[in-house]
Amino acid sequence: MKHLKKLALATALSVAALSGTALGEETIRFATWDSDESLEIQKEIARRFEAANPGVKVQVEPYADGYDQKLIASFGAGNPPDVMYMWNYPKYYTSLMPLDEFMARDAEAMNLDDIPPGLINTTRIDGKAYGMPAGFTTHVVFYNKDMFEAAGVEMPSEDWTWAELREKAAQFRDKENKVYGFAVEAKPDPFDYEQFFWSNGTRFIAKDGSAVDGYMNSPEAVEVLTMFADMAANEEAVVLGIGDNSSGSALFKGEKLAMYQSAMWSKGGFDEAGINYGVAKLPSFGDKPVHSSIGASAMSMAKDTKNPDLAWEFIKFFSSAEAVKLRTNDLPIRTSVAEEMEMTSDPIFKPFFDMLAVSDSESNAFLKHENWGKIQANLERAIEATMIEKGNAKKHLDDAVARSKRHLN
Amino acid sequence: MSGVYDRQYQRQKFVEKLTPYLFISPWILGFFFFTLGPLVFSFVMSFYDWPVVGDREFIGTQNYEVMLTQDPLFWDSLWVTIKFGLFFVPFNIVLGLLLAVLLNQKVIGSGIFRTIFYLPSVISGVALVTIWAWIYSHEYGILNFLLGLAGIQGPNWLGDPNWALLAIVVASLWGLGGTMLILLTGLQSIPKELYEAAKMSGVPGWARLIFITIPMLSPMLLFTFITSIIAAFQQLTIALLLTGGGPLESTYFFAMYIYDNAFKHFEMGYAAANSWVMFLIILALSMMVMKSSSAWVYYEGEMKKGGNKDA
Amino acid sequence: MLRAFTYGALIFLSAMFILPFYWTFITAVKSVSELYQYPPVFWPSDVQWENFITAWFKQPFDVYFKNSAIVVVMSTIGQLFSSSLVAYGFARFHFKGRDVIFIILLATMMIPWDVKMIPLYMEFNMLGWINTLKPLIVPAYFAEAFFVFLLRQYIMTVPIEIDEAARMDGANSWQIYWRIHLPLMMPALVLVGTFHFMNAWNDYLGPLIFLNDQSKYTLTLGLSMFKGLHETDITSIAAITVLLCIPPLILFFFAQRYIMDGAIGSSVKG
Amino acid sequence: MAGVQIDGLEKKFGNLRVLKGIDLDIRDGEFVSFLGPSGCGKTTLLRSIAGLEDINGGQVVLGGQPISKLPPAKRDIAMVFQNYALYPHMNVYKNLSFGLSLNGVPKAEIEERVLNAARILQITELLKRRPKQLSGGQRQRVAIGRAIVRDPKLFLLDEPLSNLDAGLRVTMRVELANLHKRLGVTMIYVTHDQVEAMTLSDRVVVLDQGKVAQFGTPLELFYAPQNLFVASFIGSPKMNFLDVAAQAAGDKQLKVSADDLFRDITIALETSPANVAGPHKLGIRPDNIELVTQDEAHMSGQVMLVERLGTESQVHIRLDNGEDFVAIARGTHPAATGDHVFLKFPAQHCHIFNGEGQAYPRELDAETRSLIDRQKSLHGAAQKGEEK
């Protein structure tokens, strides 16, 4: 309604001004959680889209930290943006537009084969894709080369294990200056944490979402938590998230950490702080295959958008080679772009792509059960409790499983 | 003659009856525009399974039943909030009063002191929490650094379930500049003669505080009492950003429980039911305080018994 | 002796209240390398004043400032006027349903924001107010319970005889409000103005929910955008926080003397 | 100039009847006090006249105009409040001029009237000050000044001296009396202090539980109280009372007897009493009791306490029947605690009240009678003077 009014007004004004382009404007509202540099990149992409489509205006709406609240309010009140960044498909998919038909229609023009299918799969609910990836990241370990050199510790190898990481980390501990070799999270985002479960051969919840017992509290799961708790107990790693709100990346920037497990989003800050860092793949659990979680920034379309075709054009543009090249704060979803920019051979970027190559066999827990959010709260509690007590992983995970029963129905 | 006189009287009486409603009409209108609708809406919502998007389903009182009988977080978070309130409310009032009394004396640079004490209230939430995170940080914080200089091994303030709630209480009290100002305003309206007279008759300072200041300040104390209770129950930002409710839910406030149900779990109906329970609890507490107030609040301007209808 | 104690206490407490602000300030002017040093650096070796300018121009803060100023000024005027009017109504009249209405008024303070948010959004959406500053301004013209309660408590400390004297002098209710109580309420009004100013100035949720377009954003939204999902730009947050504190602090410094103008104090009572 | 007529005035607070049919006729230019213990309704009555209270029945007429349905401001009445109720945020000049400016009086006239009032009250040099810079007495004057400038038909004063210290109260009392003389305007004055009421007033209204107990000149109230309440309320120390029986003793006479009385007392009355059955009370003021020898005495008792005030001694006596009496003797009277004394109640000083507490009008001695008459006529003369 409001838009119509605006449209009418804009038209009236332009007619009155006898301007040449009396077509009026069409506006696309695009919501993003990014801020700062990433936001500027998206605005630039939007500007280029506007330039390529005269008469179209893109209203970029950055909600930053308040993204979920804002999205809930606007969806709840029936006034969502046309296009938005999305990750929580299970909660929103009923109000999102399935994109499969659009993709099928334009598959050739878009050169969809250039995009790893694993990325699109992160947006699927019941087989339908609700998002089109625009950028992604896998997880790696950053390490401070200067510190390694100074301490005379050998740099991480191509295929290293957690045991090796721990052995290295122990050598950096300096009580006086509060230096640690590594950091473990007591309150991790479970979305990313599941990669450790996967790498140790288990998962949070059964593939069909029917059970957590025997998964979340499996011996392998207990092993993961116990390992991190041991690292904390032996001071191989500082514990983040309980009592220390200093983020791991802040400590890494302050050279208080020799190694830090993170993703693309930390890289910009490390560059800015002038840290001489290297990047290693995630370590493996013995000889088990390592698996990273994939964080994809994907674009979704509101079901009720007034102009789905235009919105699709906008989404498509975001995954075009032109746009993907601009996104320096995450990784290009197009293999061709990555190769063209020589990322796959660059020692800093290569580990990310190596991780991507081995990380397409699992999908995240939240896609498997509608009550995952509440189950996850119990898991978070178990992780936190284990890290506080620096042990008792089995007991806490069993407890989480028991607490989750009523949500599994 | 008498007809005109009576008609005038009727009109005057009508105007008198109408006047008070005209004065409070802005709020009445605002209530109908901006409060009543949302209130009714949320009440209706509390009887539904109401995801933000997708199908809503009427489920009767199920939200309330689940909350009261199956959800341990409901009781846990309520208990955390009550514990918080038991610390926060008295300290907020007592310390606010103390500061106000200190500043009510004739001191050089009192304007600057007042500004300083109000300073934390001026800093916005995000920044305030960042500051406290830095102060409390176990390994890298200024508090433990200073304690370390004194040879004391400081606890893990925000990481230890035994300390975290207290740490949040202290951080919340940083904003007592508002309470201080309210009480200071109240102190200013107490006649100096009362103190002078008491001083002349040799009443010691503490007795002047108890027998003059506190009774004369009681309307403002009532105000801070009730609003502190409300603030305690609505405590969210600091805990959300500082501890996220942890460690082990030791700072998981009732308001955060509602927030999570709404914005993490997308269960608007359940969150609405939570809110209504919270609303009723605060209302009951406030009513108790209001009811008790006739016994301890002294109003200088109170209307004579039975009232003064045309005043 | 008492004097010395007073000053001692004041200075000690001041130090505790200033410390966080001081830290925010030095954080703002620290270089990246010093930001994360431990033991903490209490005065940066390399003071980077340009951080303020850099942070300001990272986002269109001039636009945000204009929006915040409009919201704060417009809504403060409305709040002062409407709340004092309503407070006078509750403090000085007996009317049918007064106590019940007053309790409802108090109760509105107790409604959690979470549940009001979506219905309010729907309402403002219907009115076509989303993505305008109206949802942040207009409600202030309809009095807020907290301020009504505060002012009512204040008015009730004024002897009723003042009203009666004015009534005998020929003043009607409006004139008593306007010419007697409004000036007498000055300290409390300054308080309400200060509180409302700070609320509006630091409001985050309201602007977040009701504004879409960056050209409509307020300062706090800009500030919060330095805190991303994964990374936080601490220097910019600190710099903008310091800048954001300046206008309200200056205003408060000048306003607080009116709070200390205890006109009622010594003249009527006793 | 105007008198005030109050007819059947009723006031209720909820179900509580506070004023129970008040009838008063206050003459033009008169100074009348409302006197009574707290809770008797005197302040409510004053506020009802002012219009600050709605009345539930009856009416108030001022200068021939019914005013009880007019708003306070239209009644042409000014009121001085107990706590002065000065506007704290206005200086003295503004305090005085506020009412005039509200009523649209031209600026020049306002100034003239304010300056005039200030001159009368000698507060000209205070005009620029705020109330908080004034002393109690100065505030009092400003409060009165606020009433004077409006030149009202009627002044109402609600215990205006009660917040002043004793010395200042006496001074202000004299000033108030002078002011009344000077302005000649009708004034109604509420007080619980009988000395103020007796010294200032032309006539006093004694109120008891929402009713007029008596309306008369100060001396009338003292010498000819119409009922037990007035008799016991007026006078300090209080009148002593004794339960007695009465019988007619010829024309305009009443014989009083009791078991405790050694001998009967015969009191001269103005009229012959009609019905003298039932219990009666005999009243006698402490200063009329004589300490005598046994053969003259009406009763005897034991001295409990002697308070020596110099010119007089107050002797507290427990009578043989257990009643406590106070008698006033000369300053040098030798009575001492523990003494057994004999009391005489001279008949010409005795008051007699019937079972309902109503007094039988006494035959007063010529001296008293003429004093009372003079008080009444003094007022009448003043009134006539003003009318010219």
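Note on naming: letters A, B, ... go to the chains in the order of the sequence lines (proteins, then strands), and numbering restarts at 1 for each one. Just the heavy atoms: all of them, side chains too, but no hydrogens, waters or symmetry mates, feed the values below. Since this is a predicted model, take the numbers as computed values, not measurements.
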Got a second to check how far [X]'s [atom1] is from [Y]'s [atom2], nearest 0.5 Å?
X       : Y       : atom1 : atom2 : result
I162(C) : N83(D)  : CD1   : CG    : 7.0 Å
Y87(D)  : I176(C) : OH    : CD1   : 8.0 Å
L182(C) : H89(D)  : CG    : NE2   : 9.5 Å
M168(C) : R146(D) : CE    : CZ    : 10.0 Å
E161(C) : L86(D)  : CD    : CG    : 11.5 Å

| request: Name the region of I77(D), side chain, backbone, both or neither, that has any atom closer than 4.5 Å to a heavy atom of chain C. | output: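 Answer is both: backbone and side chain atoms of I77(D) are under 4.5 Å from chain C.
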| said: Quick check on S101(D) against chain C: is it the side chain, the backbone, both or neither that has a heavy atom closer than 4.5 Å? | reply: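 Contact with chain C is through the side chain of S101(D) alone.
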| request: Can you see which heavy atom on L102(D) is nearest to which on G170(C), and at what distance? | output: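 Closest approach of L102(D) to G170(C), heavy atoms only: CD1-C, 3.8 Å.
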| request: Locate the shortest heavy-atom distance separating A165(C) from A85(D); write the atom from each residue and the value. | output: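 Minimum heavy-atom contact is CB-O, 3.9 Å.
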Crowding at [atom1], [X] (>12 non-hydrogen neighbours, <6.0 Å):
X       : atom1 : answer
Q133(D) : CD    : yes
K94(D)  : NZ    : no
Y22(C)  : OH    : yes
E112(D) : CD    : no

| said: Any non-hydrogen side-chain atom of R47(D) less than 4.5 Å from a side-chain atom of E164(C)? | reply: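 Result yes, sub-4.5 Å side-chain heavy-atom pair found.
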| F98(D) versus R179(C): any side-chain heavy-atom pair under 4.5 Å? |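 Side-chain contact under 4.5 Å: yes.
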